[in-house]
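Accompanying notes for the structure given below.
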Amino acid sequence: MATVRTRMRCLYVFNRNGICLHYHVWLRPLITLSAQQDQKLLFGLLYSLKSFAAKVDPLSTGKENLSFQQPPGQGCSFHSFRTNTYKLSLLETPSGIKFILVTDPRMGDLRDAMKYIYNIYVEYVVKNPLYEPGQPFRCELFNSTLDQYVKTLE
Amino acid sequence: MAPAMRPGDAAFAAVEHVNAELFTLTYGAIVRQLLTDFEEVEQVNKQLDAMGYNIGIRLIDDFLAKSNVTRCSEFRETADVIAKVGFKMLLGVTATVSNWNNDSTECSLILEENPLVDFVELPETCQGLHYCNILCGVIRGALEMVSMRTEVKWVRDMLRGDDAYEMRLKMLDQIPEAYPYKDDE
């Protein structure tokens, strides 16, 4: 029996309104919440983490209060956090699209990989004439190109 | 060592190119069809703007992914990026930005050459037509996806006898990011 040795765990794609446009899973042995709760929790976490990171920024002017939200991509923004069991990387585009990649904790800097995934999203989803912006998508070509790319990162 | 390319040139080189004549003639056919379908020139102008808007909301991601620009901190920078990188990457021409107002919320984008209007002449029956109105919609749609509400309209149009193409770009407001979920859960 072949064992699946993959360092990628899962990928989430959110838009600025908190709608999960896509959820792609490679390896996730433990699932405790329903998909909807899981996505909402993750989105809420990142929303809070962003304002928190901006607030503790030692270089910031300190004029913003905790509830102040910077437009996507502006000012201080965090790009990953690591725990003993996983690493979570975030890419937020100025158009409000958030890519979240959960991987093995030993993975290095994934910012370029995330940019490549953004390009895959643009090619197969945004440019797809059948895609309605703001709706969840399910696209075979996106999935297969993503899988192929992710194999090269292992 | 090669001289540093301007960001617009780099982005232009990175995208696939389409035959310019094919693009111009296809656009011309679209406008022609709209004129037949709607008959009234104002309606056609509105349709072109709406089509441009639908293009713009999708085009913004394509532009951001390929050009690697970071978030603009102020509207002046946004106008520069549109003129130098955006137009260059997507239409192959650069625009110039000028005529800023005192608040830096309004400016003009001036195009010396416009690939959409090659071979085009406006007949007498269509004098009110803004042939390139799709561009206004594209800019408006794209900027809305980066949290800016704008108004874009044509001020000078070479097809109507002026000496250049000038668009007036006005920023109305910034759309703040709001927490999307209600606090019931």
Side-chain angles (χ1 to χ4, degrees), chain A residues 13-21 33-34 36-37 39-48 50-51 54 64 67-77 91-99 111-112 114-134, chain B residues 10-11 14-16 18 30 50-78 81-82 85-86 89-90 137-150 171 173-185:
Chain A
V13 184
F14 287 99
N15 76 349
R16 55 156 35 96
N17 297 323
I19 299 179
C20 184
L21 303 178
L33 302 166
S34 76
Q36 212 204 19
Q37 283 174 315
Q39 287 154 15
K40 224 167 160 178
L41 180 66
L42 187 62
F43 187 83
L45 167 74
L46 291 172
Y47 189 87
S48 314
K50 264 194 314 175
S51 18
E64 304 90 25
S67 57
F68 176 78
Q69 277 293 322
Q70 294 269 20
Q74 196 168 46
C76 155
S77 59
L91 173 71
E92 185 168 17
T93 70
S95 52
I97 307 288
K98 302 179 193 18
F99 290 86
R111 276 181 282 186
D112 285 332
M114 307 283 281
K115 283 214 186 92
Y116 194 86
I117 296 178
Y118 183 33
N119 271 293
I120 301 179
Y121 165 76
V122 162
E123 280 309 306
Y124 294 108
V125 181
V126 176
K127 288 189 177 174
N128 190 321
L130 300 174
Y131 175 61
E132 190 62 47
Chain B
V15 296
E16 276 174 29
V18 140
I30 292 176
M51 284 165 67
Y53 179 80
N54 285 320
I55 293 176
I57 60 178
R58 293 166 168 83
L59 194 67
I60 183 70
D61 277 316
D62 187 23
F63 174 69
L64 289 171
K66 301 238 164 61
S67 68
N68 261 326
V69 295
T70 49
R71 178 91 195 181
C72 297
S73 46
E74 39 160 34
F75 191 58
R76 274 184 179 265
E77 215 186 311
T78 308
V81 168
I82 296 176
V85 190
M89 182 172 133
L90 298 161
V138 172
I139 295 178
R140 185 171 63 92
L143 286 179
E144 197 170 303
M145 297 309 276
V146 284
S147 322
M148 276 182 260
R149 251 193 290 263
T150 52
M171 175 165 81
D173 55 15
Q174 299 244 3
I175 309 168
E177 286 292 301
Y179 187 63
Y181 303 126
K182 296 194 282 281
D183 282 326
D184 48 25
E185 279 195 351

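Chain A is the first sequence line, chain B the second, and so forth, proteins listed ahead of strands; every chain is numbered from 1.
Within the 4.5 angstrom heavy-atom criterion, no atom of Tyr116(A) approaches chain B. At a 4.5 Å heavy-atom cutoff, Asn54(B) makes no contact with chain A through either its backbone or its side chain. Both the backbone and the side chain of Leu64(B) come within less than 4.5 Å of a heavy atom in chain A.
Counting all heavy atoms, side chain and backbone alike, Glu132(A) lies closest to Arg58(B) at CA-NH2, 4.4 Å. The minimum heavy-atom distance linking Pro94(A) with Arg71(B) is given by the pair O-NH1, 3.1 Å.
Here the OH atom belonging to Tyr118(A) is positioned 8.5 Å from the CG atom belonging to Asp62(B), to the nearest 0.5 angstrom.
Just one of Val146(B), Ile60(B), Asp61(B) meets the side chain to side chain contact (heavy atoms under 4.5 Å, CB included) condition when paired with Thr93(A); it is Asp61(B).
Within the 4.5 Å cutoff, no side-chain heavy atoms of Pro133(A) are placed close to those of Met145(B).
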